[in-house]
Protein chains: 2
Amino acid sequence: MKFSKIPSATITRLSLYSRALEELLQEHVNIIASDKLAQKCGVNPAQVRKDLAYFGEFGVRGVGYFVKELLFEIKKILGLNRRWRMALVGIGNLGLALVAHDNFVKQGYEFVAVFDVDPKKVGRRLPSGQTIYHMDELPTVVKDKKIDIGVIATPASQAQATARLLIEAGIKAILNFAPVQIQMPEGYIVENVDFTVKLDNLAYHLTMEAV
Amino acid sequence: MKFSKIPSATITRLSLYSRALEELLQEHVNIIASDKLAQKCGVNPAQVRKDLAYFGEFGVRGVGYFVKELLFEIKKILGLNRRWRMALVGIGNLGLALVAHDNFVKQGYEFVAVFDVDPKKVGRRLPSGQTIYHMDELPTVVKDKKIDIGVIATPASQAQATARLLIEAGIKAILNFAPVQIQMPEGYIVENVDFTVKLDNLAYHLTMEAV
DNA sequence: AAACCCTTGTGCAAACAATCACATAATAAA
DNA sequence: TTTATTATGTGATTGTTTGCACAAGGGTTT
Ligand SMILES: NC(=O)c1ccc[n+]([C@@H]2O[C@H](COP(=O)([O-])OP(=O)(O)OC[C@H]3O[C@@H](n4cnc5c(N)ncnc54)[C@H](O)[C@@H]3O)[C@@H](O)[C@H]2O)c1
Ligand SMILES: NC(=O)c1ccc[n+]([C@@H]2O[C@H](COP(=O)([O-])OP(=O)(O)OC[C@H]3O[C@@H](n4cnc5c(N)ncnc54)[C@H](O)[C@@H]3O)[C@@H](O)[C@H]2O)c1
């Protein structure tokens with residue numbers, strides 16, 4: 001079980017499997033074969049088995065996987081058997097949608113603090129319960145509330161500076177919604193959620209098709 | 001120039017280059033070397049050159065790339081030298097943030113129609129100008145407004161059905177925000193914007209680090 | 001016009017990822 | 001107990017992507 005040599009794409013797929021299994025559990029499906037799970041996630045059946053094989057033997061030959069058991073194991077692998085505490089920075093249009101989204105909480109991700117610099121916003125209380133802090137309070141609040149993950153929803157121009165502040169406050173992992181590539185020091189992680197890149201992909205394929 | 005064998009990761013990076021170049025243009029930088037551009041986008045310099053080499057020779061040896069010229073070429077490759085007309089389906093929390101986001105328009109992506117099934121929403125006018133249509137009107141509106149791209153922001157349970165309706169209305173490309181894997185027929189494209197998968201990645205890495 | 005930068009464009013090898021194909025093991029039926 | 005059936009786990013294979021290293025070529029200086 002050498003964690004270092006696990007393909008990063010495997011982790012992404014585990015997340016998909018987890019979601020599919022959650023759905024199957026709702027539907028009271030007890031057992032699932034790699035074929036069916038693969039189909040549900042749009043991947044190759046052998047891929048599913050190999051992905052899982054990195055971490056152990058979870059299936060029964062001739063039978064398949066027990067949904068509940070496999071889900072439990074995948075969640076353990078991904079670290080979803082606990083709650084993750086997030087801070088949102090920048091409560092604009094997108095930020096509001098994010099904190100209002102109750103699915104995150106269901107999956108174990110919780111916005112426990114919200115920050116902005118706009119004096120008209122700071123101090124206000126959100127419908128979802130959080131009070132908006134000023135960025136000056138970031139270092140103490142991050143420490144007090146034991147925040148694990150920082151979420152950047154500021155304008156692009158402020159994103160790099162915001163990342164620096166989050167890191168200085170002791171945060172190791174960042175989810176970035178701003179359309180810029182954020183430079184992170186060694187040992188810190190950033191994941192970008194990049195709407196425009198996805199649209200550009202669609203545009204490219206539509207353009208090619210037409211040729 | 002065999003389009004079929006171009007790595008999909010290359011297209012994604014072209015999108016990043018395009019954005020970086022746009023920024024450089026704002027700063028009145030005329031010439032950029034692959035080193036600098038690579039650093040800005042967090043990739044290897046050889047990667048930049050190789051990505052571009054798939055489509056032609058855009059640089060000048062010993063000098064670098066002319067920012068304006070390269071940007072123009074990349075935009076042409078990606079199909080960003082035109083406007084793309086999008087339909088949004090599901091105007092909830094996320095949908096509202098999307099239509100309010102004026103960056104899309106600046107980049108050539110425009111929400112020209114918005115759909116929902118909620119009778120309380122249908123017929124209302126959005127601050128961004130669009131009137132909310134009922135889903136029943138999808139087929140005619142898609143045709144009349146010549147829509148290229150469908151954007152799904154409905155609950156996950158409705159996403160697959162929505163995709164089917166979009167396809168039946170003649171749409172070839174879909175951007176999906178719902179946390180499900182959508183099954184598409186041959187020749188159609190879907191791109192998923194998947195917040196939770198990204199968070200799961202962060203959770204996994206944080207969990208590993210701690211070991 | 002020669003010598004010297006500098007940075008591109010690219011052949012090639014290495015690393016990484018996906019897929020095939022089958023031995024293996026569990027279960028059910030005969 | 002034997003045979004048939006089924007679907008996992010995995011070695012081998014194929015395919016894809018990345019990165020090194022350097023020849024090629026444009027520009028500049030002497
Ligand atoms: N809205 C969308 O649908 C959408 C889509 C794609 C990408 N994005 C990106 O997400 C980010 C946020 O988008 P938005 O539409 O919510 O923008 P917005 O302008 O509505 O909100 C930005 C918020 O950040 C705050 N802010 C500004 N500087 C700050 C700083 N230094 N520290 C803390 N807070 C700061 C502002 O006060 C504001 O409340 C942008 O980078 C945008 O490009 C948004
Ligand atoms: N809000 C977020 O930050 C966020 C984050 C990640 C993912 N998502 C996903 O994006 C999607 C939308 O999220 P949201 O927060 O805006 O949800 P929401 O409940 O606020 O909005 C959903 C909208 O879709 C409409 N709708 C429902 N069924 C429909 C149908 N069949 N056809 C057309 N419209 C229909 C509803 O009337 C509503 O207006 C969900 O799938 C959600 O999981 C949202």
Side-chain angles (χ1 to χ4, degrees), chain A residues 1-17 20-21 24 29-71 73-74 77 181 197 201 204, chain B residues 1-17 20-21 24 29-71 73-74 77 181 197 201 204:
Chain A
M1 227 199 275
K2 283 285 273 301
F3 288 104
S4 49
K5 52 209 283 284
I6 291 163
S8 68
T10 290
I11 303 307
T12 300
R13 282 190 298 267
L14 284 181
S15 179
L16 296 182
Y17 304 156
L21 290 167
L24 289 165
V29 178
N30 289 319
I31 293 177
I32 184 104
S34 58
D35 280 51
K36 293 275 164 32
L37 186 56
Q39 197 189 353
K40 234 175 137 62
C41 301
V43 304
N44 183 292
Q47 186 91 264
V48 172
R49 300 200 293 275
K50 185 144 276 188
D51 284 339
L52 296 174
Y54 285 114
F55 302 96
E57 302 199 0
F58 306 117
V60 182
R61 291 172 192 222
V63 177
Y65 301 90
F66 292 98
V67 172
K68 202 169 173 180
E69 193 185 307
L70 184 58
L71 179 57
E73 292 294 343
I74 292 181
I77 293 163
Q181 233 42 32
V197 167
N201 255 285
Y204 171 77
Chain B
M1 228 198 275
K2 283 285 274 301
F3 289 104
S4 50
K5 53 209 282 283
I6 290 165
S8 68
T10 290
I11 304 307
T12 300
R13 282 191 299 267
L14 284 181
S15 180
L16 296 182
Y17 304 156
L21 290 167
L24 289 166
V29 178
N30 288 320
I31 293 178
I32 184 106
S34 59
D35 279 50
K36 293 273 164 29
L37 185 56
Q39 197 188 352
K40 233 173 139 61
C41 300
V43 304
N44 182 292
Q47 186 92 263
V48 172
R49 300 198 295 274
K50 187 148 275 190
D51 284 338
L52 297 174
Y54 283 113
F55 301 95
E57 302 199 1
F58 306 118
V60 182
R61 293 176 192 221
V63 177
Y65 300 90
F66 291 98
V67 172
K68 203 168 171 178
E69 193 185 308
L70 183 59
L71 178 58
E73 293 294 343
I74 292 181
I77 293 163
Q181 233 43 30
V197 168
N201 256 284
Y204 172 78

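All chains are named by letter (A, B, ...) in the order of the sequence lines, taking the proteins before the strands, and each is independently numbered beginning at 1. Only heavy atoms go into these numbers, but all of them, side chains included; no hydrogens, no water, no symmetry mates.
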Please report, rounded to the nearest Å, how far the [atom2] atom of [N] is from the [atom1] atom of [X].
X: F58(B); N: dG25(D); atom1: CZ; atom2: P; value: 19 Å
X: N44(B); N: dC16(C); atom1: CG; atom2: C1'; value: 15 Å
X: I31(B); N: dT7(C); atom1: CD1; atom2: P; value: 11 Å
X: L37(A); N: dA7(D); atom1: CG; atom2: C1'; value: 13 Å
X: L14(A); N: dA17(C); atom1: CG; atom2: P; value: 14 Å
X: Q39(A); N: dA7(D); atom1: CD; atom2: P; value: 14 Å
X: K36(A); N: dA7(D); atom1: NZ; atom2: C1'; value: 11 Å
X: F55(B); N: dT8(C); atom1: CZ; atom2: P; value: 18 Å

- Which residue lies more 5' along DNA chain D, comparing G59(A) with G62(A) via nearest heavy atoms: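 Looking at DNA chain D, the more 5' nearest nucleotide goes with G62(A).
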- Message: More than 12 heavy atoms of other residues, nucleotides or ligands under 6.0 Å from CD of Q39(A): yes or no?
- Response: no
- Message: Other residues, nucleotides and ligands only: do more than 12 of their heavy atoms fall within 6.0 Å of CZ on F66(B)?
- Response: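 No, CZ of F66(B) has 12 or fewer neighbouring heavy atoms, counting only those of other groups under 6.0 Å.
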- How long is the span from the OG1 atom in T10(B) to the OH atom in Y54(B), to the nearest 0.5 Å? 5.0 Å
- In this structure, CG of L70(A) is separated from OH of Y17(A) (nearest 0.5 Å) by 10.0 Å
- Task: Classify the side chain of R61(B) and the base of dA24(D) as holding, or not holding, a donor-acceptor pair under 3.5 Å.
- Result: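 Donor-acceptor pair under 3.5 Å: yes.
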- I32(B) vs K50(A), nearer the 5' end of DNA chain C by closest nucleotide: I32(B)
Please determine if a side-chain N or O atom of [X] lies less than 4.0 Å away from the OP1 or OP2 oxygen of [N].
X: Q47(A); N: dA17(C); value: no
X: R13(B); N: dT18(D); value: yes
X: Y65(A); N: dG9(D); value: yes
X: S34(A); N: dT8(D); value: yes

If you only use heavy atoms from C-beta on, which nucleotide in [options] is closest to the side chain of [X]?
X: A46(B); options: dT10(D), dT17(D), dA21(D); result: dA21(D)
X: A33(A); options: dG19(D), dT8(D), dA23(D); result: dT8(D)
X: A53(A); options: dT10(D), dG26(D), dT10(C); result: dT10(D)
X: R49(B); options: dC22(D), dT10(D), dT27(C); result: dC22(D)
X: A9(A); options: dA18(C), dA26(C), dT8(C); result: dA18(C)

- Item | V29(A) to I31(A) - nearest heavy-atom pair and separation |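 Smallest heavy-atom distance, with atoms named: CG1-O, 3.4 Å.
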